[in-house]
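In what follows, a single structure is set out as structure tokens and then discussed.
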Number of protein chains: 2
Amino acid sequence: MGDEMDTARGRARDAQRRAEQFRRVRDAHQTEVAEDYVELVADLIEETGEARVVDLSERLGVTKATVNNTIQRLQRDGLVTSQPYRSIFLTEKGRTLAETSRERHHTVRDFLLALGVDADTAEADSEGIEHHVSEPTLEAFRKFLRKSG
Amino acid sequence: MGDEMDTARGRARDAQRRAEQFRRVRDAHQTEVAEDYVELVADLIEETGEARVVDLSERLGVTKATVNNTIQRLQRDGLVTSQPYRSIFLTEKGRTLAETSRERHHTVRDFLLALGVDADTAEADSEGIEHHVSEPTLEAFRKFLRKSG
DNA sequence: GTACAAATTTAGCTTCTACTAACTTTTAGT
DNA sequence: ACTAAAAGTTAGTAGAAGCTAAATTTGTAC
Ligand SMILES: [Mn+2]
Ligand SMILES: [Mn+2]
Ligand SMILES: [Mn+2]
Ligand SMILES: [Mn+2]
């Protein structure tokens, strides 16, 4: 009987392994919006001095109402602060997340460029890919950049 | 006055460009679940002869109720068919999406492997990355695979 | 300093994706 | 054939992320 048993056990193990991978992707999607927002808030503060709802709204391509809603969630989660009708600031936690996200985003973008992808595509694709790249893969990207740079 | 005007116009253009990129990422997220499901249904039919709710549930790491729910949506959208209490089949449209998704998924996974990423990480990361890779980037991945293969 | 425009917020709605608990149907073992 | 387990379904709930429309506050131009 060993045969069917073993392949059945093997299938079960494989199923669990794949389930874990999908779980990680779902987790990434949960933090994704937060990462894009704090990164954008940091960019805006550096470029223009402040981050306003209307600026985020224009750059993200969503309505101001949606931005307001999300900012409240991020505030609840301790990533940003803001007084009613005033602009948005990052907490220490938010700054840390922004910095990590930006570094990773740039690595992915630069890697695609080094691979020969055109600038527009590298910009666009890295916006999605960045959230699904683990540390080992990021390290492989950096290694490739060092070699080709 | 040209100066402030031009940088203001430049900022607006840039904002629109970035908004378009974020819109594409959001679009990708909308088709992502459908892609993973049909790919998995195709795999199961090939490996075991049929795709059942319980199989999808185990491999995706979500409850049977969630799978059932999603399968009904995919049915509504013309990607799968299934009679109550029976297993799941792909429509022609579903098979096409599964084939495209699988090809792209494998390209991403093989590319990561060729880059020197370990097998577990390549498997895991490709599950998320696959949905955010455009055709030009995919072509760059294929080119790298040909050179390193 | 008032009036108007811009920005922000609130309220109410929708879809997707997830869950648990309870129920029904099918399958399998004896 | 009956019964118990497995599989599938339904009902009800929740949060995230989006929208529009209306209300409010802030900022600016005169
Ligand atoms: Mn980013
Ligand atoms: Mn992003
Ligand atoms: Mn896939
Ligand atoms: Mn996937």
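Chain letters run A, B, ... following the sequence lines, proteins first, then strands; residues in each count from 1. Keep in mind that the numbers below use all heavy atoms, side chains included, and drop hydrogens, waters and symmetry copies.
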Using side-chain heavy atoms (C-beta onward) and a distance below 4.5 Å, is F144(B) in contact with L115(B)?
yes
In whole angstroms, how far is the P atom of dT8(C) from the CG atom of N69(A)?
15 Å
Which pairs, protein N/O on one side and nucleotides 13-16 of chain D N/O on the other, fall under 3.5 Å?
from, atom 1, to, atom 2, distance (Å)
dA16(D), OP1, R76(A), NH2, 3.2

Salt bridge flag under 4.0 Å for residues E99(A) and R102(A)
yes
For atom CZ of R23(A) and atom C1' of dA18(C), their distance in whole Å
12 Å
How are the rings of F141(B) and F111(B) set relative to one another: parallel (under 30°), tilted (30 to 60°) or perpendicular (over 60°)?
parallel
Determine yes or no for a side-chain-to-main-chain donor-acceptor pair under 3.5 angstrom, with Q75(A) supplying the side chain and S82(A) the backbone.
yes
Rounded to whole Å, the CG-C1' distance (D36(B) to dA18(C)) equals 15 Å
Walk me through whether H132(B) and E32(B) qualify under side chain to side chain contact (heavy atoms under 4.5 Å, CB included).
CA-CA 9 Å; H132(B) 301 282; E32(B) 178 155 349; 3.9 Å; yes
How many Å lie between OH on Y85(B) and P on dG8(D), as a whole number?
10 Å
Tell me which residues in residues 41-65 of chain B lie within less than 4.0 Å of DNA chain D, going by non-hydrogen atoms.
R52(B), V53(B), V54(B), K64(B), A65(B)
Using a 6.0 Å cut-off, check whether atom CD of E135(B) has over 12 heavy atoms from anything other than its own residue.
yes
Quick check for you: among dG18(D), dA18(C), dT10(C), whose closest atom lies nearest to any side-chain atom of R26(A)?
dA18(C)
Is the backbone of V53(A) close enough, under 3.5 Å, to the side chain of S57(A) for a donor and an acceptor to pair up by distance?
no
Whole angstroms only, please: what is the CD-P distance between Q83(B) and dG8(D)?
14 Å
Hey, does T107(A) have a side-chain heavy atom less than 4.5 Å from the side chain of R142(A)?
yes
Side chain of R86(B), heavy atoms from C-beta onward: which of dA18(C), dT26(D), dT26(C) has the nearest atom to it?
dT26(C)
Mind checking E32(A) for me? I need base, sugar-phosphate or nothing, with any heavy atom below 4.0 Å counting as a touch.
nothing
Determine whether the side chains of D118(A) and T121(A) contain a donor N or O and an acceptor N or O closer than 3.5 Å.
yes
